[in-house]
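Below is one structure, written out as structure tokens; comments come after it.
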Amino acid sequence: MKSYKTHSLFRIEYLLFSFLMILQISCSQENEEIPQYGWFDFVVTDLDTTKNAIDLSFLNENVAGENGFVTVQDGRFVDGSGKKIRFFGTNLTFSSAFPDKETSTKIAARLSKMGMNVVRFHHLDMRATPNGIWDSTMLQFDANQVDKLDWLIYQLKQHGIYSNINLHVSRTYPGLESDVPQFRFDKSIDHFYRPYIELQKAYALNLLTHQNPYTGTTYTDEPAVAFIELNNENSLLSNWKHLPLLKGEHRHSLQNQWKIWLKSNAGGNTDLFKIIEEYDEKSSDAEKALLWRFLVDTEMAYTKEMSTYVRNDLQAKPLVADSQASYSGIAGIHREAKYSDFIDMHAYWEHPSFPGESWSRTNWLIRNSSMVSDKKAGTLARFSQHRVAGMPLTISEYDHPAPNFFVAEMYPMLNSVAAFQDWDGIYHFTFNGAYNQERITGFFSSAGHPLKQIFIPIGSIIFRTDAVKTGTHTVKLQLPETKVIDELVESGDRLRLHGSNMDYIWEKAGAPKALPILNRYEVSLLGDEVKLSEEIPEPEGAWVSETNEIIWHNTDSASSFFTINTDAVKAAVGYIGAKQTTLGNISIEMDSTEFNWAAIVLASMDGNPIDNSSSMVLAAAGRVENTNMGWNDHKTTVGGNWGDSPSRAEGIPAIIRLDGMEKFKVFILDPNGNIGNEVNVHKKGAQQSFTIGAQHKTLWYLLKRE
């Protein structure tokens, strides 16, 4: 037992130490601003093209395709000079793909400034002018609409931005129209019904062989057109369960093809629709195998015919993909591996759901949660589950839709993991107008959404400049063609129009949930059984990448956070309030806020490490909303009341400390990236620090050295 004297001395020493610590903190904060929390107006000009400190157009080629067509070498995209190229871009849909010529020029310059180098043209085929490519008859192209599209693609080319042209997306073919909701846009039917296949060919012929007067080339021979997609989010297998709902000629066509196929496959007189209707209760494994073999053969024949038509008959030089590999699950992977030049995927975190009418503008819900708290890797797991060894992988649709509170996590998380996994392309969905409304106008568009726009340049730096290292060790799942039918018999019932069975197959093989962060991974079509190349245990604590640059702390949902710690990028995303996050020689000391949630990212803009970079951008954000947004009590919908302009932002209060670095200056950036007032930098010994928060009325800053 300690003596009273010893205890007293200890108490005196403790009080003295505490006093000195308080004095030290007080002294160190003499010249530091106190971080302030609050909300302020923050409106990004959607079509701003000012050449300023945030201009990343230098990342693009002077002219897209100036050295020739994009091709595939060693499983990666390369430009015409043979240099590896990653694509980071957006979608333009409906009327936004047909802007007036002045707006087209601004769109191209704006996307280039933000560091984007590809645009996917989507939903051209759904509507008549002015919202689509058709004239009022829906049978012929509208010449004025085609001219607008030509000019936009030309302007994109002149700004180093490639194009991705989608063929069938949302057209309901004329003639026999399906009134079954599951076959909306004649999905699945157009994989076997001959009149619809011929209409797809006619559309491809008319669009792709049309000569753009501004480039002087057809789209089959235009190097600035990097990609052609045959049939968006569409497959036969993914709609298997609804095939008995087919009517009239559609039903007769499939039934007749089934009977012809059975004669060549010793199937007897089995009823196709009865197998499906009794799938769970009475259908035998042999009958299920017959069903899946027929559907796979039919889908493969369709994809072979369409891809051959575009490549050989039309002699199109851009790279071709059929559809997203997850459509048809394991069979979709083999379909794309056989007939496509690259693998494509889609995903959305917290996509809105519609409890009543599909795509109702007033009756919708979101869970409104942060992906950083998800213990199954959120959206990030499914991409490489469908990636094929030796083929590039793109994600041509991705978003954390508004009005989710946690949109700021999107690009830091997705783009860093994409760089680590060495994926080849990311497209945000979308950059649709109307532009310059000064508020968020819907779920998806980055136009009007401050967070989606200010994090685009940071996402570009992370993904396009090798700021995050690629993993060196690859885990493979053997997935031989001989096992496709067996796997479909076992888990094909999990297939649905927007759902795959590959998560089940990977899990069955022993893949941990943490795999997207731990190692690169992909599918190998070699081997003779379905198995993982090695055993990978699930981590007990944080998920740490093999490069040690990415760490995902998600064991406790309420305090989860995600970090990037590289020479050129430092990021802390998630529940980082009321704590200090250390990333090498940089620390982020964030005050408490309502949710204690933020995304704070520091990125070098000149390709050099942060320690000696001449220009760095810091973004710090939490929530953004419109003025008077009409949330319900559970914060799961605003219905039709999206609120008014201007958009408003939550200021994140924090002190940023940097040790052992050369002297730098910090400037406030306005919403468009123009340099504003200088922020005081406090220097103490080898440490420099500065304060961010609502007092500066901004979400981003420029750190600059002379």
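Arg520 forms no cation-pi arrangement with Phe420, by the criterion of a distance under 6.0 Å to the ring centre and an angle within 45° of the ring axis.
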Item to complete: Could you please spell out the steps behind the side-chain contact (heavy atoms from CB on, under 4.5 Å) verdict for Trp134 and Asp125?
Response: CA-CA 7 Å; Trp134 303 103; Asp125 62 336; 4.2 Å; yes
Practice prompt. Would you sort out whether Asn432 and Thr93 count as a side chain to side chain donor-acceptor pair (under 3.5 Å), showing the intermediate values?
Written response: CA-CA 7 Å; Asn432 281 5; Thr93 73; 2.5 Å; yes
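Qualifying ring pair (Phe, Tyr, Trp, His ring centres under 6.0 Å) partners for His168, counting only residues two or more places apart in sequence or in other chains: Tyr173. A search for side chain to side chain donor-acceptor pair (under 3.5 Å) contacts involving Tyr302 returns Gln200, Asn231, not counting sequence neighbours. Considering only residues two or more places apart in sequence or on other chains, Asp341 meets the salt bridge (charged side-chain N to carboxylate O under 4.0 Å, His left out) condition with Arg311. The salt bridge (charged side-chain N to carboxylate O under 4.0 Å, His left out) search around Arg120 returns Glu229, Glu397, not counting sequence neighbours. Under the rule for a ring pair (Phe, Tyr, Trp, His ring centres under 6.0 Å), Phe98 has no partner lying at least two apart in sequence or in another chain. Residues passing the side chain to side chain contact (heavy atoms under 4.5 Å, CB included) test with Gln140 are Asp135, sequence neighbours excluded.
The residues Asp422 and Lys84 are annotated as salt-bridged, a charged nitrogen and a carboxylate oxygen being separated by less than 4.0 angstrom. Ionic pairing of Glu222 and Lys157 is present here: one or more N-O contacts between side-chain nitrogen and carboxylate oxygen are shorter than 4.0 angstrom.
Glu299 and Thr303 share no side-chain donor-acceptor pair at under 3.5 Å. Between the side chains of Thr172 and Asp186, no donor N or O sits under 3.5 Å from an acceptor N or O. Between the side chains of Asp606 and Ser615, no donor-acceptor pair is found at a separation under 3.5 Å.
Ser326 pairs with exactly one of Gln385, Met345, Glu336, Glu233 by the side-chain contact (heavy atoms from CB on, under 4.5 Å) rule, that one being Met345.
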